[in-house]
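Treat the numbers as computed from the prediction; the structure is a model and nothing was measured.
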Amino acid sequence: MSGTSASFNLPNGTNILQRINSKIQGARSLKKPKYESDGLYKPLKVERREIRLLHMEPSLKLKEQPQCFLETVSLDDSPQFEALSYVWGDPNLTRPIRLGNRQWYATINLEAGLRYLRRPFEDIVIWVDALCIDQSSVDERNSQVLLMKTIYSNATQVKVWLGEPTSRSDDALAILEHMGRNIPFRDIRLHGKNLNYKHAKYLNELVNRPWWNRVWVQQEYSLAKDVTLHCGLRSIEFSGLLKNEDIDRLCKGWDMRLYITMQTLGHSALLHRQHHCTGANDLTFTGILAQGCYKDCSDLRDSIYGFLGLAKEDVVDAIKPDYGIPLEDVLRCTAVTHITCTRSLSFFSFSTLKSKDTRLGPTWVPEWPRLGPFQLRERYGSAQNQKRTVWDHRVNRFESILDFKACATRSMSFDLINETTVMLNGKCTGEVTEVNPVALRCESKTSAFIHPDVIRLLENWLNFFDQFADHAAFPSSTEGRESPLWRILTGDRHLDRRGRWRNCEKTDYEAYQAFQRDLVAGGALIEGELNCWVSITVASADRCLFATDRGHIGLGPLEMRKGDHVYILSGGEVPYMLRPVSGPIPRTFELVGDCYLHGIMYGEAAGPDEDFHDVYLE
């Protein structure tokens, strides 16, 4: 009807457009807390645990500029608020928002999130780090980081902003919603049809968005009481999926792309269950850092600070965020604090020897931001050599070695001599005389159990083993001549069908023999044989076989070489590969990495106290 506006009347006769407009104006006219206008960011009172909350005004127009203001509150007063989990994005690409009485600039992703998440008729009160923390104040950043565990734990809901929608994102969220109800991928119906490979691609695209790979988000969703995923205007409840203990089962029977996607979700669920489920296994701070070492962060110091809220150890209370010191000092202080507080050398398992020109500090300090991801190359139809990221095998290997006790019952000895040198107590158990350079590299296919390269790799390992087996110092065994090789390649640990590590048993050796036969014959692998290969992959990836002058055979880091020494260190669960360094102090070494040496992993070679002496690492 040209020239006439349509009218939609409610029962009381009020025009609906007027009613909506009246409701919006009424919400805006409510008394609002005083916001920082002139100074915008007035100093917060640390002793009162003060934070700022963002009040976002309602709007019915998606493209309308967000109108916001800040309110200062104390966490001691138990304020009600939600919290946002998102990716900042490029800080140089921004869009304007209205913050208080001034124009402010938010990154493109944050500005989009504010527009999509605001409500039509009422304010939303939400904590958003980029706007609620004065990013120009190092002191405030330091103090607010310490409160983030409390903030995300106390928020009534954590809203995860994945980004603006695509033509496939709604379907991907719908699939996740069904999985949250414990429905396997193969049983989900969408739009009246069963799912196919294109839907797996949709899900991969969603889970490959940047949010899933950021440092801070792990803490944000893990601590939350209630989590919702938002992509555009579509949202789903996420907490149900996070509580699932067997996420991998939901993709059984599908290709590696979906399996890797579910690994990402499984990692998310593991961290969430740790904080919310009775009886969940607690991850150590070392394990948490290892799980997150491949995550992205704009400030590399957050590779430490971003995980403080996740650990339950006392050590995290001793690590104080300080954005005023350089990264190398953060890494060194974290290592010293962790070792002295936990009386454990577990950090040494993530130290990687680099040249002095490229490393940030001493060899005994793990460079967490540089422990890059394990890149998998696979073929998916016409797509060649696409990269997919899965967990680094060092993470799973670390979890598998925690039950070893190479030092027997000796308590740790650790003294900081200067900024780069520490003194420990140890015993040399041999010098490396031979190194087999052929290794299972991380670039190898995860599905390589059907690949000829793996057959050649096993043959190479067996040939190296045969050179030394007749004179090797192995514990007595009735399992067969090749049993020590199998135990070395698996690190004497087996990953069972429930994803738990245990000591290898005779039945596992029988599965290894069957795996080897079927591999050579090109037959299909049954579940026990597949678990055997997974155990070998975890223990042997990026590791080399080596032999010592005392008849031991083991697995060590790629960087080792002839002349390196194998040491048992007091307080160390496993032996360590050390490289002698010339200098004024005798027995000074660089740490090459940890290793597995068959026959000494449970204290067999520890011997009497007089065999131990001072050892210096730099």
Side-chain angles (χ1 to χ4, degrees), residues 24 27-28 30 32-33 35 44 49-60 62 66-89 97-100 104 106-107 109-133 144-145 147-164 173 176-177 180 211-212 214 216-243 268 271-272 275-276 306 309-310:
I24 293 174
R28 288 177 173 170
L30 292 175
K32 296 179 171 54
Y35 57 83
L44 298 173
R49 299 196 305 162
E50 285 188 342
I51 64 172
R52 300 183 189 90
L53 295 177
L54 186 77
H55 287 246
M56 187 159 49
E57 297 185 351
S59 176
L60 286 171
L62 179 60
Q67 307 286 322
C68 314
F69 63 90
L70 294 172
E71 173 196 9
T72 298
V73 300
S74 169
L75 288 171
D76 296 336
D77 296 331
S78 302
Q80 296 293 298
F81 63 93
E82 297 175 319
L84 183 63
S85 179
Y86 68 106
V87 173
W88 279 32
I97 66 171
R98 199 70 185 171
L99 188 59
W104 202 255
T107 59
N109 188 54
L110 175 56
E111 187 270 346
L114 296 178
R115 285 189 290 107
Y116 276 94
L117 293 175
R118 60 189 169 186
R119 298 185 179 119
F121 303 125
E122 59 183 349
D123 282 10
I124 181 173
V125 182
I126 192 166
W127 189 84
V128 182
D129 59 352
L131 301 176
C132 295
I133 298 176
Q144 290 286 288
V145 165
L147 296 177
M148 288 181 69
K149 181 175 184 177
T150 304
I151 291 170
Y152 280 93
S153 298
N154 291 355
T156 56
Q157 184 182 83
V158 170
K159 294 181 178 294
V160 173
W161 172 244
L162 295 178
E164 299 197 63
L173 282 175
L176 280 183
E177 190 170 33
W211 180 84
W212 302 90
R214 297 292 293 177
W216 282 105
V217 303
Q218 296 187 96
Q219 173 176 261
E220 294 162 4
Y221 66 70
S222 298
L223 299 173
K225 302 172 187 175
D226 183 39
V227 187
T228 56
L229 291 182
H230 297 258
C231 186
L233 294 173
R234 180 86 159 85
S235 64
I236 64 167
E237 196 272 333
F238 192 40
S239 300
L241 190 60
L242 289 175
K243 293 174 183 175
S268 306
L271 292 174
H272 190 270
H275 290 273
H276 297 280
L310 290 174

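In this structure the side chain of Trp127 never reaches within 4.5 angstrom of the side chain of Val73, judged on heavy atoms. Proximity of Leu110 to Ile97: side-chain heavy atoms (C-beta onward) are nowhere separated by under 4.5 Å. Within the 4.5 Å cutoff, the side chain of Val128 has no heavy atoms near those of the Met56 side chain. Annotation: side chain of Glu122 is not in contact with side chain of Pro58 (no heavy-atom distance under 4.5 Å). With a 4.5 Å cut-off on side-chain heavy atoms, Val145 and Trp216 count as touching. By the 4.5 Å heavy-atom criterion applied to side chains, Leu54 and Leu70 are counted as neighbours. When side chains are defined from C-beta on, Thr156 does not count as touching Asp226, because their heavy atoms never get closer than 4.5 Å.
Arg118 meets the side-chain hydrogen bond (donor to acceptor under 3.5 Å, both in side chains) test with no other residue; sequence neighbours excluded. With sequence neighbours left out, the salt bridge (charged side-chain N to carboxylate O under 4.0 Å, His left out) criterion links Arg214 to no other residue. Evaluation of the salt bridge (charged side-chain N to carboxylate O under 4.0 Å, His left out) rule for Arg98 yields no partner, not counting sequence neighbours. Residues forming a salt bridge (charged side-chain N to carboxylate O under 4.0 Å, His left out) with Glu50 (at least two apart in sequence, or on another chain): Arg48.
With Trp161 contributing its side chain and Asn109 its backbone, the two residues share a donor-acceptor pair below 3.5 Å.
Smallest separation of non-hydrogen atoms from Asp123 and Glu57: OD1-CA, 3.4 Å. Nearest heavy atom pair, residue Leu173 against residue Ile236, reads O-CD1, 3.6 Å.
Every pair passing salt bridge (charged side-chain N to carboxylate O under 4.0 Å, His left out) that includes a residue from residues 229-241 is listed here, sequence neighbours excluded: Glu177-Arg234.
Atom CG of Leu162 sits about 11.0 Å away from atom OG of Ser235, to the nearest 0.5 Å. Rounding to the nearest 0.5 Å gives a distance of 11.5 Å between CD of Gln67 and CG of Leu114. Distance check, rounded to the nearest 0.5 Å: CG of Leu223 to NZ of Lys149 gives 6.5 Å. Here OG of Ser222 is found 12.0 Å from OH of Tyr152. Values are rounded to the nearest 0.5 Å.
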Could you go through residues 78-86 and list every donor-acceptor pair under 3.5 Å that involves a side-chain atom there, pairing it with any protein atom two or more places apart or in another chain?
| residue | atom | partner | partner atom | Å |
| --- | --- | --- | --- | --- |
| Glu82 | OE1 | Arg119 | NH2 | 3.4 |
| Glu82 | OE2 | Arg119 | NH2 | 3.4 |
| Ser85 | OG | Trp211 | NE1 | 2.9 |
| Ser85 | OG | Glu220 | OE1 | 2.6 |
| Tyr86 | OH | Trp88 | NE1 | 3.1 |
| Tyr86 | OH | Asp129 | OD1 | 2.6 |
| Tyr86 | OH | Ala130 | N | 3.4 |

